[in-house]
J.: 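Questions regarding the structure given below will be posed in turn.
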Amino acid sequence: RPRVREIDERCDYPHDIHQTLAREGFFALAVPVEDGGRGETEVSFCAFVEELAKVSGTVSLMAAYVKLVALPIVLAGTTGQKSEWLPGLIDGSLYGSYALTEPGVGSDPAALETRAERRGDVWVLNGEKRFIGNAGMSGVYVVFARTGPPGSKGISAFIVDGESPGISAEKLRTMGMPGWHLGAPRFEDVEVPAENLLGREGDGFKIAMMTFD
């Protein structure tokens, strides 16, 4: 609680609290046992977030956001994708972003304008997202982009390395949630290995809906 009051004053992202939650194993609550987590029930996870929110809405959002990023990988990822990305989210060494919302279409997964085009062994990603947590400091982005015709069947999901060339992010100010890091990431000719496709081509809408559910 005393640390949270400092956040309210300075609006700094509480990396130290993030590391504390990771060290105590709380981020593992969001991931099944078979994927390296603690496999707690949804009720337990909600109770955990609720307890944090009694002290800080910002800190509770940090914890919930780990699950938002991990869940699509848990639901649709291959064994290799899970072993590569989930451990870092659990142990706090990796920040993640769930990159769906866009300036022109909001959070409607069927209307996304960000595009990914297949070129040999890579997908080339171009577009802009908005109101994305951790944007600009994430080591991994789960990005939803159009790979096909208009509508829900043309959307695919990708795991994008946050260190990839072509990723930039504008930091956005928030009203409330002091310290929460929100941004507008831009993807300009970002090359994504073909093996980083999450699920199958065209599964993006389904993965987004499963995650929201």
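Position 1 is the first residue of the sequence, and the numbers go up from there.
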J.: Under 3.5 Å, is there a donor-acceptor pair between the side chain of Gln19 and the main chain of Asp16?
T.: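 Flag not set: sc Gln19 to bb Asp16 has no pair under 3.5 Å.
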
J.: Judged by atom type as modelled, is there a donor-acceptor pair below 3.5 Å linking the side chain of Thr147 to the main-chain atoms of Ile155?
T.: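 No, Thr147 side chain to Ile155 backbone: no donor-acceptor pair under 3.5 Å.
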
J.: Please answer whether the main-chain N or O of Ile167 pairs with a side-chain N or O of Arg186 as donor and acceptor at a distance below 3.5 Å.
T.: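 No, because the side chain of Arg186 does not come within donor-acceptor range (under 3.5 Å) of the backbone of Ile167.
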
J.: What heavy-atom pair brings Ala63 and Leu52 nearest, and what distance separates the two atoms?
T.: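 Looking at all heavy atoms of both residues, the shortest contact is CB-CD1, 3.6 Å.
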
J.: For the CD atom on Glu163, are there more than 12 heavy atoms of other groups (residues, nucleotides or ligands in this structure) within a distance under 6.0 Å?
T.: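 Incorrect, the count does not exceed 12.
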
J.: Atom OG of Ser152 and atom CE of Met209: how far apart are they, to the nearest 0.5 Å?
T.: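 One finds 9.5 Å between OG of Ser152 and CE of Met209.
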
J.: Are the side chain of Glu117 and the backbone of Asn126 linked by a donor-acceptor contact shorter than 3.5 Å?
T.: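 Checked: no pair found.
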
J.: Going hydrophobic residue to hydrophobic residue with side-chain gaps under 4.5 angstrom, can you get from Leu198 over to Phe158?
T.: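 Shared cluster, no.
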
J.: Between Asn196 and Val160, is there a donor-acceptor pair closer than 3.5 Å when you use the side chain of the first and the backbone of the second?
T.: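 Flag not set: sc Asn196 to bb Val160 has no pair under 3.5 Å.
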
J.: Is the shortest side-chain heavy-atom distance between Tyr95 and Met62 below 4.5 Å?
T.: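 Tyr95 vs Met62: side chains apart.
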
J.: Return the SG to CH2 distance between Cys11 and Trp180, rounded to the nearest 0.5 Å.
T.: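 Cys11 SG to Trp180 CH2: 14.0 Å, rounded to 0.5 Å.
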
J.: Give me the atom names and distance for the closest heavy-atom approach of Val105 to Ala111.
T.: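 Result for this residue pair: CG1-O, 3.2 Å.
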
J.: Begin with the C-alpha distance, continue with both residues' side-chain angles, and end with the deciding distance and a verdict on side chain to side chain contact (heavy atoms under 4.5 Å, CB included) for Val33 and Arg38.
T.: CA-CA 5 Å; Val33 173; Arg38 289 171 57 178; 5.7 Å; no

J.: Quick one: OH on Tyr98 to CD1 on Ile132, what's the gap to the nearest 0.5 Å?
T.: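 The distance works out to 9.5 Å.
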
J.: Measure across Ser60 and Val49 and return the closest heavy-atom pair with its distance rounded to 0.1 Å.
T.: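 In this case the closest contact between Ser60 and Val49 is CB-O, 3.5 Å.
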
J.: Is it the case that the side chain of Ser138 and the backbone of Tyr141 share a donor-acceptor pair, with hydrogens and angles ignored and the cut-off at 3.5 Å?
T.: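 Not a single qualifying donor-acceptor pair exists.
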
J.: Do Ser156 side-chain atoms and Gly202 backbone N/O form a donor-acceptor pair below 3.5 Å?
T.: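 At least one qualifying donor-acceptor pair exists.
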
J.: For residues His181 and Tyr65, is any side-chain donor paired with an opposing acceptor at under 3.5 Å?
T.: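 Not at all, the side chains of His181 and Tyr65 share no donor-acceptor pair under 3.5 Å.
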
J.: Are Asp12 and Arg3 close enough for a salt bridge, meaning some N to O gap below 4.0 Å?
T.: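 Salt bridge flag = yes for Arg3 with Asp12.
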
J.: Less than 4.5 Å apart, side chain to side chain, heavy atoms only: is that true for Arg118 and Glu201?
T.: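 Not in contact.
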
J.: Hey, which of Ile90, Asp91, Leu89 is the one that makes side chain to side chain contact (heavy atoms under 4.5 Å, CB included) with Ser93?
T.: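 Answer to the side chain to side chain contact (heavy atoms under 4.5 Å, CB included) test with Ser93 among Ile90, Asp91, Leu89: Asp91.
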
J.: Quick one: does Ser44's side chain have a donor or acceptor within less than 3.5 Å of a partner on Glu40's backbone?
T.: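 It does not hold such a pair.
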
J.: Report yes if some heavy atom in the side chain of Leu21 is under 4.5 Å from a heavy atom in the side chain of Val59; otherwise report no.
T.: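 With C-beta onward as the side chain, the pair touches.
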
J.: How long is the straight-line distance from CD of Glu195 back to CD of Glu84, given to the nearest 0.5 Å?
T.: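 It is 8.5 Å, given to the nearest 0.5 Å.
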
J.: Search all heavy atoms of Ala145 against all heavy atoms of Leu112 and return the closest pair with its distance.
T.: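 The answer is N-CD1, 4.4 Å.
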
J.: For side chain to side chain contact (heavy atoms under 4.5 Å, CB included), just list the numbers for Asn134 and Tyr13, CA-CA rounded to whole Å, side-chain angles, deciding distance to a tenth of an Å, and then say yes or no.
T.: CA-CA 10 Å; Asn134 294 337; Tyr13 188 91; 3.8 Å; yes

J.: Is the backbone N or O of Leu100 less than 3.5 Å from a side-chain atom of Lys129, with the two atoms forming a donor-acceptor pair by type?
T.: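 Side chain of Lys129 to backbone of Leu100, a donor-acceptor pair under 3.5 Å: yes, one is there.
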
J.: Cluster question for you: counting only ILVMFWY and a side-chain heavy-atom cut-off of under 4.5 Å, with indirect links fine, are Val4 and Phe48 together?
T.: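 In one cluster: yes.
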
J.: Over all heavy atoms of both residues, which pair between Phe212 and Pro109 is shortest? Give the atoms and the distance, please.
T.: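 Heavy atoms of Phe212 and Pro109 come nearest at CE1-CG, 4.4 Å.
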
J.: Do Lys82 and Ile73 pass the side chain to side chain contact (heavy atoms under 4.5 Å, CB included) test, and can you show the C-alpha distance, the side-chain angles, and the key distance before you say yes or no?
T.: CA-CA 6 Å; Lys82 291 177 182 179; Ile73 300 175; 4.2 Å; yes

J.: Please say yes or no: joined through hydrophobic side-chain contacts below 4.5 Å, possibly via intermediate residues, are Phe144 and Val122 part of one cluster?
T.: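 Hydrophobic grouping puts Phe144 apart from Val122.
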
J.: Does either side chain, that of Ser164 or that of Glu191, offer a donor lying less than 3.5 Å from an acceptor on the other one?
T.: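 Side chains of Ser164 and Glu191: no pair found under 3.5 Å.
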
J.: Measure the CD1-NE2 distance between Ile17 and His15 for me, rounded to the nearest 0.5 Å.
T.: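 The distance works out to 11.0 Å.
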
J.: Does Arg146 use its side chain to pair, donor to acceptor, with the backbone of Ala110 at less than 3.5 Å?
T.: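 It does hold such a pair.
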
J.: Is Pro32 close to Val74 at the side-chain level, that is, under 4.5 Å between some pair of heavy atoms?
T.: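 Side-chain contact under 4.5 Å: yes.
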
J.: Would you sort out whether Thr114 and Glu102 count as a side-chain hydrogen bond (donor to acceptor under 3.5 Å, both in side chains), showing the intermediate values?
T.: CA-CA 8 Å; Thr114 294; Glu102 294 185 0; 2.8 Å; yes

J.: Report the C-alpha distance between Phe45 and Lys67 in whole Å, list the side-chain angles of each, state the deciding distance to 0.1 Å, and finish with yes or no for side chain to side chain contact (heavy atoms under 4.5 Å, CB included).
T.: CA-CA 9 Å; Phe45 185 80; Lys67 181 160 189 174; 3.5 Å; yes

J.: Indicate, with yes or no, if Phe131 and Val143 share a hydrophobic cluster defined by side-chain heavy-atom contacts under 4.5 Å among Ile, Leu, Val, Met, Phe, Trp and Tyr.
T.: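 They do not share one cluster, since no chain of ILVMFWY contacts under 4.5 Å joins Val143 to Phe131.
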
J.: Just how far is it from atom CG of Leu75 to atom CE of Met210, taken to the nearest 0.5 Å?
T.: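 It is 4.5 Å, given to the nearest 0.5 Å.
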
J.: Could you pull out the closest heavy-atom pair between Ala135 and Pro185, with the gap in Å?
T.: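 Closest approach of Ala135 to Pro185, heavy atoms only: CB-CD, 3.8 Å.
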
J.: Does Glu24 have more than 12 heavy atoms from other residues, nucleotides or ligands lying within 6.0 Å of its CD?
T.: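 Enclosed: over 12 neighbouring heavy atoms sit under 6.0 Å from CD of Glu24.
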
J.: Applying the 4.5 Å side-chain criterion to the ILVMFWY set and letting contacts propagate, would Ile7 and Phe26 be lumped into a single cluster?
T.: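 Yes; Phe26 is reachable from Ile7 via cluster members.
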
J.: Can Asp203 and Arg200 be counted as an ion pair, charged N to O under 4.0 angstrom?
T.: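 Salt bridge flag = yes for Arg200 with Asp203.
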
